[in-house]
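So you know, we letter chains A, B, ... as the sequences are listed, proteins then strands, and number each from 1. Just the heavy atoms: all of them, side chains too, but no hydrogens, waters or symmetry mates, feed the values below.
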Number of protein chains: 2
Amino acid sequence: MAMPAATTLLAWTRLLRAADLASQHCAASLRSLGLPPPEWYDVLLAIERSGAQRPRDLQVALGTEQYALSRLVDRMVRAGLLNRVPCPDDARGHTLHLTIEGRAMRAAMWPVYAQAIEAAFGSRVEEEDRVALARLLAPLAKPISA
Amino acid sequence: MAMPAATTLLAWTRLLRAADLASQHCAASLRSLGLPPPEWYDVLLAIERSGAQRPRDLQVALGTEQYALSRLVDRMVRAGLLNRVPCPDDARGHTLHLTIEGRAMRAAMWPVYAQAIEAAFGSRVEEEDRVALARLLAPLAKPISA
DNA sequence: TTCTTGTCGATGCAACCGCATGGGATTTTC
DNA sequence: GAAAATCCCATGCGGTTGCATCGACAAGAA
């Protein structure tokens with residue numbers, strides 16, 4: 001296959017750098033206040049929104065690896081934020097529920113996370129450009145087919 | 001601080017997802033052929049271009065953490081791709097040089113890496129949109145000031 | 001010079017990730 | 001309805017990361 005076009009390489013490096021810088025900033029921001037990392041928030045939010053989720057569904061929704069999610073849930077259960085409840089329909093699995101502390105943690109994390117997103121991303125791009133970015137990135141945010 | 005605008009959140013999630021999917025694809029592509037991960041390529045390329053580099057300069061250029069680069073270089077030296085040469089000007093540090101194998105490895109990695117970038121990114125966005133993306137991402141690829 | 005401060009790079013330790021695999025339950029196939 | 005294939009989730013192991021810190025040199029101040 002041919003070498004990627006120059007514009008491809010430029011956009012490529014900037015995409016990776018931008019995502020890395022921004023996510024690092026968020027993680028650092030949460031950590032500096034003694035809060036868990038961003039993935040925890042995503043899990044807490046997803047479960048809070050749906051009431052309960054099977055690990056498999058979460059895995060798909062969040063785009064994580066199966067083992068990564070398994071261990072992430074482990075840690076969150078150990079931290080008292082989540083409960084694993086045996087699943088009546090399917091004895092292989094279980095459903096995940098928020099504890100009171102889990103709900104509180106999500107609420108506590110949001111302002112910090114939100115502010116970090118704003119600082120690392122929102123405030124650095126004009127509204128109009130954010131719209132354009134969302135549109136341009138849409139195809140790239142879909143699973144790679146080939 | 002206020003909650004980020006809806007467009008911010010949408011663009012944000014897509015940015016992270018897009019970068020993650022694409023870089024995963026590249027890493028997997030190289031690994032499936034028994035080649036080292038993308039970071040190794042970046043290091044090899046940077047050194048090949050400049051002839052030699054101090055770790056500190058590489059760290060800045062690649063945007064990695066100091067300890068991460070230190071250990072990455074370790075592995076690459078152990079793999080026989082790099083040499084650490086004492087630095088005459090500054091006895092604290094050293095300069096990094098490619099070995100013959102290092103040069104060969106960079107050359108071997110490129111077609112694979114290039115094709116992966118093309119598959120994960122280039123071929124999924126029109127030329128015109130790549131230009132737009134590069135422009136929109138430019139401010140985000142700069143270090144976060146605040 | 002001597003003392004303080006700053007920079008370069010390495011590393012111990014604990015947490016985390018990726019790969020491969022395993023055990024158990026379910027669905028499919030014949 | 002038994003065997004085969006598939007799916008759900010966990011985990012052992014080795015490699016990697018992040019944090020904090022350290023040792024060594026360099027540069028600036030007194």
[X] [atom1] to [N] [atom2], straight-line distance once rounded to whole Å:
| X | N | atom1 | atom2 | value |
| --- | --- | --- | --- | --- |
| Glu39(B) | dC17(C) | CD | C1' | 13 Å |
| Met76(B) | dG15(D) | CE | P | 18 Å |
| Leu96(A) | dC9(D) | CG | C1' | 11 Å |
| Arg75(B) | dT16(D) | CZ | C1' | 6 Å |
| Arg78(A) | dA14(C) | CZ | P | 15 Å |
| Glu65(A) | dC16(C) | CD | P | 17 Å |

Can you tell if the side chain of [X] reaches within under 4.5 Å of the side chain of [Y], non-hydrogen atoms only?
| X | Y | answer |
| --- | --- | --- |
| Leu16(A) | Ser23(B) | yes |
| Leu82(B) | Thr99(B) | no |
| Trp40(B) | Arg75(B) | yes |
| Ile117(B) | Leu9(A) | yes |
| Leu96(A) | Arg54(A) | no |

- Scan side-chain atoms only and decide if Ser29(A) and Gln115(A) contain a donor-acceptor pair under the 3.5 Å cut-off.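 Side chains of Ser29(A) and Gln115(A): no pair found under 3.5 Å.
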Distances for protein N/O vs nucleotides 7-11 of chain C N/O pairs under 3.5 angstrom?
from	atom 1	to	atom 2	distance (Å)
dT7(C)	O2	Arg92(B)	NH1	2.5
dC8(C)	OP2	Arg56(B)	NH1	3.1
dC8(C)	O3'	Arg54(B)	NH2	3.3
dG9(C)	OP1	Arg54(B)	NE	3.3
dG9(C)	OP2	Arg56(B)	N	2.7
dG9(C)	N7	Gln66(B)	NE2	3.4
dA10(C)	OP1	Arg84(B)	NH1	2.5
dA10(C)	OP2	Ser70(B)	OG	2.7
dA10(C)	OP2	Arg84(B)	NH1	3.3
dA10(C)	N7	Gln66(B)	NE2	2.9
dA10(C)	N6	Gln66(B)	OE1	2.9

- Message: Does Ala68(A) reach a base, just sugar-phosphate, or nothing at all? Heavy atoms under 4.0 Å.
- Response: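 Here Ala68(A) touches no strand at all.
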